[in-house]
Visitor: 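For reference, the structure I am asking about is given below.
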Number of protein chains: 2
Amino acid sequence: MSGRNTERQPKYQRIAAELRAAIEAGEYGPGERLPGENDLMAAHGVARMTARQALGVLQAQGIVEARKGAGVFVRDFKPIRRRGIERLSHSQWGSGRSIWEADAEGRDLVVDSVEVAEEEAPAVVAGMLDLPDGARVCVRRRRFVLDGKPVLLSTSYLAAELVAGTPITQPDTGPGGTYARLEDLGRKPVRFREEIRSRMPSAEEADRLALPAGVPVMLVVRTAFDEEGVAVEVNEMALDSSAYILEYDFEA
Amino acid sequence: MSGRNTERQPKYQRIAAELRAAIEAGEYGPGERLPGENDLMAAHGVARMTARQALGVLQAQGIVEARKGAGVFVRDFKPIRRRGIERLSHSQWGSGRSIWEADAEGRDLVVDSVEVAEEEAPAVVAGMLDLPDGARVCVRRRRFVLDGKPVLLSTSYLAAELVAGTPITQPDTGPGGTYARLEDLGRKPVRFREEIRSRMPSAEEADRLALPAGVPVMLVVRTAFDEEGVAVEVNEMALDSSAYILEYDFEA
DNA sequence: TAGTGGTCTAGACCACTAA
DNA sequence: TAGTGGTCTAGACCACTAA
């Protein structure tokens, strides 16, 4: 402790910056344990709440993860590359493969839970599908798990009238999935739109994706259009942002 | 206080959930002031640090913003729709318009600061541009401001040798911008790749984008390829995620 | 069982905002 | 100038982890 306050910066920020620099310098590698609250209290002569605040900064930045009873650890990052356009080409699902198999690249990406129900369409979805307010939709909710870690929540909406009696209302939609079945119905998807947002997760999303503090979700809303330009499906997805890179390739 | 602990949930989370429900019920609209620390201390009989923790939850979720000396306020959200593919069509920049003008849609989107320099290429960028390690690149750093609020930081890299002596090394690159100048050089971009990630901002990004706590950044890395399939430009962007929706339209 | 992070108290002082 | 959020202390007890 040289003077009263060498820098015009709060103590907790100085401690956080110091730890961050140490991580970036490789002093603490991915998965390694950082000095804990007690270490920081002793090393910097601060109160517990101040040491916690410093660690809180790194957690909020998503570069560190606290495990209660064990310590604070450096996080690592090995994302899935999701090729937005090729994965949805007709040759993919037309050949009977599922879309998300294209993302896996040899890793273990599986559907963990499927839930199919008929419900009233949320207002925004009804609008996008060009259905009257309060129309019935078939809702397919799925969770995708990569190497044991949930990475994606997907909720797909289709007009109930359109898909009644087809495998789309079943947990297993058959080879090529929903899009292949829409083709069977004469409503082949020929154009897609994906909208991407990002924000911090809701409590439920954080729970279902097992997200540590400081990790945002990416929200992808995909709309599939048939040859007439009519929207046939809306799929709302919440992605663990530490697990994904979204890639789009296109011509000028 | 009815019992010792009615729910098996920390006080600060209960208070946060209560406030969140009130916001969602419309009791506090966008821009309105929430009960502050002192109000919460009195209303719930808790210590200052506990009241702060409750407000901290809402800040971390990005639905609330604290203004020192003034109070805690509900945040609002009116995003820019960025059409990933059309905005980069040749008809856009070929006609002398700038790409980002396509995003503005009547709002006041301006370049706030431009910085051009020749530097050594960062290793990843050198790799993407297929340049030898340590090669010189022209680096163009810009900040975009929408209605007075910074929303986008852009850093563009081009081989120094390629662009030497052209307007690309000047702050103002002329009508149609960098891509039109690359066309002049016989290296017209014909294909683009955009990679999207999301994470919490670094301290510098949060500062330059004036981001409140709890708002992530979206990172877009665009690579432009010429007719030979050679990468001619890499553009790394950091976007205020509360200001943008990214949209991609494509065929099956 | 020793150590860890998580929650919480009851104070204090500060810079800042807005009336 | 009164009120606000931001920082900080020096304690306490808890559930949990890992040896």
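Letters A, B, ... are given to chains in the order of the sequence lines, protein chains preceding strands, and every chain is numbered from 1.
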Visitor: Would one find a side-chain N or O of A/T50 under 4.0 angstrom from OP1 or OP2 of D/dT9?
Guide: yes

Visitor: Is it true that A/D240 and A/K149 have a side-chain N and a carboxylate O under 4.0 angstrom from each other?
Guide: yes

Visitor: Would you kindly compare A/R67 and B/L55 by the position of their nearest DNA chain D nucleotide and give the one closer to the 5′ end?
Guide: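 Result of the comparison: B/L55.
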
Visitor: Atom CE of A/M41 to atom P of C/dG3: distance rounded to whole Å?
Guide: 14 Å

Visitor: Could you check how far CD of A/Q59 sits from C1' of C/dT7, rounded to whole Å?
Guide: 14 Å

Visitor: Between C1' on D/dG5 and CG on B/L40, what's the gap in Å once rounded to a whole number?
Guide: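 Result: 12 Å.
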
Visitor: Just name whichever nucleotide pairs with D/dA2, Watson-Crick or G-U, keeping both distances under 3.5 Å, else none.
Guide: C/dT17

Visitor: One thing to verify: whether B/E247 and B/R82 come together as a salt bridge, which I'm taking to mean a side-chain N less than 4.0 angstrom from a carboxylate O.
Guide: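 Answer for the salt bridge query: no.
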
Visitor: Passes side chain to side chain donor-acceptor pair (under 3.5 Å), A/S156 versus A/E233? Steps please.
Guide: CA-CA 7 Å; A/S156 171; A/E233 188 223 26; 2.6 Å; yes

Visitor: Nearest-Å distance, NE2 (B/H44) to C1' (C/dT7)?
Guide: 16 Å

Visitor: If you check the A/K11 side chain, which of D/dT9, D/dT7, C/dT4 turns out closest?
Guide: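 Selected nucleotide: D/dT9.
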
Visitor: Just to be sure I understand the rule, does A/R52 reach a base, reach only the sugar-phosphate, or reach nothing, if contact means heavy atoms closer than 4.0 Å?
Guide: base

Visitor: For B/L34 and A/F73, take the nucleotide of DNA chain D holding the closest heavy atom to each; which residue's nucleotide lies nearer the 5' end?
Guide: B/L34

Visitor: Measuring only between side-chain heavy atoms, which start at C-beta, is A/V74 closer than 4.5 Å to A/D76?
Guide: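 The answer is no, as the side chains (C-beta and beyond) never meet within the 4.5 Å cut-off.
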
Visitor: Which of these, A/V234, A/T178, A/V137, sits in a side chain to side chain contact (heavy atoms under 4.5 Å, CB included) with A/L158?
Guide: A/T178

Visitor: I'd like to know if the side chain of B/E24 reaches the main chain of B/A21, judged simply by a donor and an acceptor atom lying under 3.5 Å from each other, with no hydrogens or angles considered.
Guide: no

Visitor: All N/O contacts under 3.5 Å from nucleotides 10-15 of chain C to the protein, with atom names and distances to one decimal?
Guide:
none

Visitor: When you measure from the side chain of A/E37, which nucleotide among D/dC8, C/dG5, D/dT17 comes out closest?
Guide: C/dG5

Visitor: Rounded to whole angstrom units, what separation is found between the CZ atom of B/R33 and the C1' atom of C/dA19?
Guide: 13 Å

Visitor: Could you tell me how far apart A/Q9 (CD) and D/dT7 (P) are, to the nearest whole angstrom?
Guide: 11 Å

Visitor: Considering non-hydrogen atoms only, spot the tightest contact between B/L209 and B/A238 and give its length.
Guide: CD1-O, 4.0 Å

Visitor: Who does C/dA10 pair with, Watson-Crick or G-U, both distances under 3.5 Å?
Guide: D/dT9

Visitor: Could you check how far OH of B/Y12 sits from P of C/dT9, rounded to whole Å?
Guide: 13 Å

